[in-house]
Amino acid sequence: KFFMLLLYVIMYVISSRTTYCHLRRFIHVANNERLRVGYNMAAATFMTNNRVDEVAKIVKLNYYSTSDADLISLFKSWNYPSFRVKQIRQWVYDKGILDFNEMKDIPIDLRNKLSTIFTVGNLKIAQEQISKDGTRKRAYELHDGQLIESVLMPYEDGRRTACISSQAGCGMGCVFCATGQMGFSRQLSSSEIFEQAQQFSAELRQQDLRLSNVVLMGMGEPLANYDNVLEAIRRIQSELGIGARHITVSTVGLVPRIINLADEKIQIGLAISLHQTTDEKRSALMPVNKRYPIAELMDACRYYVSQTNRRVTFEWALIQGQTDTVETAHELGHLLRGLLCHVNVIPLNPTAGYAGKPTSKAQMQHFIDVLATYGVTCTARIRRGIDIDAGCGQLKADLIRQQRQKQKALNSDGTVSACANAESNALPPKEVQKVSMLTIDLSSISEPAAR
């Protein structure tokens with residue numbers, strides 16, 4: 001496919017304006033990010049200096065989706081030395097400068113060309129909330145109008161952790177999760193995943209600070225987007241300088257993917273959203289358990305530990321009267337006893353679509369004490385951003401509600417009331433609110449080879 005596109009580009013460079021129009025239509029419907037980048041790099045390479053603007057008319061390239069090798073090739077075609085690529089990387093990743101015009105040791109004419117052809121990232125902030133504890137929650141609008149969320153959490157010990165999304169929406173259907181209540185829209189590309197962490201990293205770099213940790217606990221099921229997530233993780237390590245042990249992937253328990261991850265033998269953290277101790281109760285909260293029951297999940301966790309020598313973290317939402325009882329604590333202690341693991345408990349973050357309530361502090365401590373009698377270490381996760389929509393999916397849900405209220409404010413003749421019109425600039429466009437209720441087909445996740 002790439003060579004066919006390359007042929008089209010050559011045809012355009014030679015003579016055909018019709019071919020150019022055809023390619024322009026094609027690039028807007030192409031869904032494969034690598035294909036888009038490959039086409040545009042070819043187009044940029046063949047363009048002469050006086051035709052740079054023509055490339056930008058097709059679609060701007062995302063710097064984060066462009067490899068160093070492609071940039072070197074492009075610069076050579078423009079008669080610039082390859083060391084300029086390294087200079088730009090230093091500006092973007094080491095200094096957090098995302099505007100080519102501010103890269104002072106780059107020639108002005110090269111800066112102008114880069115600004116014409118490239119954007120440094122494609123995420124647009126649709127809304128941001130800042131908590132009194134310093135937590136920053138963002139809803140980003142993607143190129144197709146979808147919304148995703150990211151959070152930056154500062155801690156008193158100096159850690160600065162980014163919580164990022166791996167999918168637009170989620171198809172796992174966990175009943176207590178705001179994102180699960182929305183349904184699945186699409187997978188994020190590796191660049192879209194990486195850029196969430198890079199945005200926070202760049203802002204911190206400009207303050208002489210650095211991002212210390214990344215957790216993939218935002219919207220979506222990371223292991224259902226396995227290849228893109230792993231590629232993004234590798235870039236977070238190489239580009240942002242964050243070690244594997246400071247990166248954590250959370251999963252509802254996709255057993256084949258946990259085994260795949262174990263076989264990668266990378267030292268990232270693995271967190272399992274468990275939340276119940278019996279198949280009947282867990283399936284009621286998390287439909288994925290019907291496909292991968294607890295016994296299979298625990299076997300996969302033991303295999304992960306055996307391959308990586310790293311402990312597994314189990315996430316446990318304490319729901320009043322359901323998951324916070326003494327009986328449940330004893331059941332969990334029996335289930336995890338002898339496994340190299342740790343339990344993180346957190347009171348339920350209430351959502352509009354689920355009637356459950358968070359547990360009390362006293363009951364939470366009692367739960368922790370019971371687990372200790374089984375030799376299972378447990379800590380209460382520090383709740384961040386309580387005064388804002390910091391829970392997964394909550395900010396996006398709030399934006400959707402705002403849009404619906406705006407639509408209700410439409411008068412019968414189709415005009416917008418003064419109140420709604422005043423808010424219109426702060427709201428995402430209508431297409432942003434299209435939420436697919438599709439779910440991920442778990443049967444498409446192949447079983448790992450026999451071990």
Side-chain angles (χ1 to χ4, degrees), residues 172 174 213 215-217 221-224 226 229 233 244-286 288-319 322-347 359 364-382 445 447-451:
M172 297 297 107
C174 301
N213 299 74
V215 295
L216 283 93
M217 296 183 180
E221 164 54 49
L223 296 191
Y226 189 84
V229 163
I233 287 173
R245 288 177 175 265
H246 296 276
I247 301 171
T248 300
V249 172
S250 177
T251 176
V252 296
L254 302 187
V255 168
R257 291 293 182 255
I258 293 172
I259 294 172
N260 292 151
L261 191 62
D263 291 336
E264 302 276 354
K265 292 184 174 60
I266 53 179
Q267 291 294 297
I268 62 173
L270 175 66
I272 307 291
S273 294
L274 190 57
H275 308 305
Q276 272 293 3
T277 56
T278 68
D279 285 330
E280 180 181 3
K281 292 178 180 178
R282 189 168 188 263
S283 295
L285 288 178
M286 308 174 68
V288 70
N289 192 76
K290 298 174 183 176
R291 178 66 178 85
Y292 303 115
I294 291 175
E296 291 184 24
L297 176 57
M298 298 308 297
D299 284 344
C301 290
R302 293 185 187 95
Y303 181 71
Y304 183 87
V305 171
S306 72
Q307 294 298 104
T308 64
N309 293 316
R310 296 216 64 193
R311 76 179 186 182
V312 175
T313 297
F314 290 96
E315 304 291 338
W316 192 273
L318 288 169
I319 306 171
Q322 295 186 50
T323 65
D324 67 342
T325 65
V326 172
E327 178 185 3
T328 302
H330 282 292
E331 291 174 353
L332 182 59
H334 278 293
L335 182 66
L336 302 183
R337 183 161 52 185
L339 178 65
L340 181 60
C341 68
H342 181 80
V343 177
N344 266 345
V345 295
I346 185 170
T359 192
M364 178 172 64
Q365 187 58 52
H366 196 23
F367 193 92
I368 293 172
D369 292 341
V370 171
L371 288 181
T373 65
Y374 292 86
V376 177
T377 61
C378 178
T379 54
R381 196 199 305 175
I382 300 174
I445 299 178
E447 297 293 335
R451 305 188 301 276

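Lys265 places a side-chain heavy atom less than 4.5 Å from the side chain of Gln307. Put simply, the side chain of Asn289 reaches to within 4.5 Å of the side chain of Ile294, judged on heavy atoms. A 4.5 Å side-chain heavy-atom check between Cys378 and Trp316 finds every atom pair outside the cut-off. Put simply, the side chain of Ile258 does not reach to within 4.5 Å of the side chain of Tyr303, judged on heavy atoms. The shortest side-chain heavy-atom distance between Arg311 and Val305 does not fall under the 4.5 Å cut-off. Inter-residue side-chain proximity for His275 and Ile319 is flagged as unmet; no heavy-atom pair is nearer than 4.5 Å. In this structure the side chain of Leu274 never reaches within 4.5 angstrom of the side chain of Val343, judged on heavy atoms. By the 4.5 Å heavy-atom criterion applied to side chains, Thr359 and Val345 are not counted as neighbours.
Atom OG1 of residue Thr379 and atom NE2 of residue His342 lie 3.0 Å apart, to the nearest 0.5 angstrom. For the atom pair Leu336 CG and Cys301 SG, the distance stands at 9.0 Å (nearest 0.5 Å). Ile259 CD1 to Leu254 CG: the interatomic distance, rounded to the nearest 0.5 Å, is 11.5 Å. One finds the OH atom of Tyr292 at 14.5 Å from the CG atom of Asp299 (value rounded to the nearest 0.5 Å). Going from atom OG1 of Thr248 over to atom CD1 of Ile268 covers 8.0 Å, rounded to the nearest 0.5 Å. Residue Gln267 holds its CD atom at 7.5 Å from CG of Asn309, rounded to the nearest 0.5 Å.
Ring geometry for Tyr374 against His330 counts as perpendicular: the plane angle is over 60°, on a 0 to 90° scale with 30° as the lower cut.
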Q | Stepwise side chain to side chain contact (heavy atoms under 4.5 Å, CB included) check, Glu315 with Arg381 | A | CA-CA 9 Å; Glu315 304 291 338; Arg381 196 199 305 175; 2.4 Å; yes

Q: Check the pair Lys281 / Thr323 against side chain to side chain contact (heavy atoms under 4.5 Å, CB included), numbers first and verdict last.
A: CA-CA 10 Å; Lys281 292 178 180 178; Thr323 65; over 6 Å; no

Q: Step by step, work out the side chain to side chain contact (heavy atoms under 4.5 Å, CB included) result for Leu339 and Arg302.
A: CA-CA 7 Å; Leu339 178 65; Arg302 293 185 187 95; 3.8 Å; yes

Q: Begin with the C-alpha distance, continue with both residues' side-chain angles, and end with the deciding distance and a verdict on side chain to side chain contact (heavy atoms under 4.5 Å, CB included) for Leu261 and Leu270.
A: CA-CA 9 Å; Leu261 191 62; Leu270 175 66; 4.1 Å; yes

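Around NE2 of His366, the count of heavy atoms belonging to other residues, nucleotides or ligands within 6.0 Å does not exceed 12.
Closest of all the heavy-atom pairs between Met286 and Ser273 is CE-O, 3.3 Å. Heavy atoms only, all atoms of each residue included: Val370 and Ala329 are closest at CG1-CB, 3.5 Å. Between Gly269 and Arg310, the shortest heavy-atom distance links the atoms N-NH1, 3.5 Å. The minimum heavy-atom distance between Val249 and Pro222, with the atom names listed, is CG1-CB, 3.7 Å. Here the closest heavy-atom approach between residue Gly333 and residue Val376 is recorded as O-CG2, 4.3 Å.
Residues Glu221 and Thr251 bring a donor and an acceptor atom of their side chains to less than 3.5 Å of each other. Side chain to side chain, Asn260 and Glu264 fail the donor-acceptor criterion of an N or O pair below 3.5 Å.
Side chain of Arg257 to main chain of Ala224: no donor-acceptor pair is present (N/O by atom type, distance under 3.5 Å, no hydrogens or angles). A donor-acceptor pair under 3.5 Å is absent between the side-chain atoms of Arg282 and the main chain of Gln276, judged by distance alone.
In terms of the salt bridge (charged side-chain N to carboxylate O under 4.0 Å, His left out) criterion, Glu331 has no residue partners (sequence neighbours excluded).
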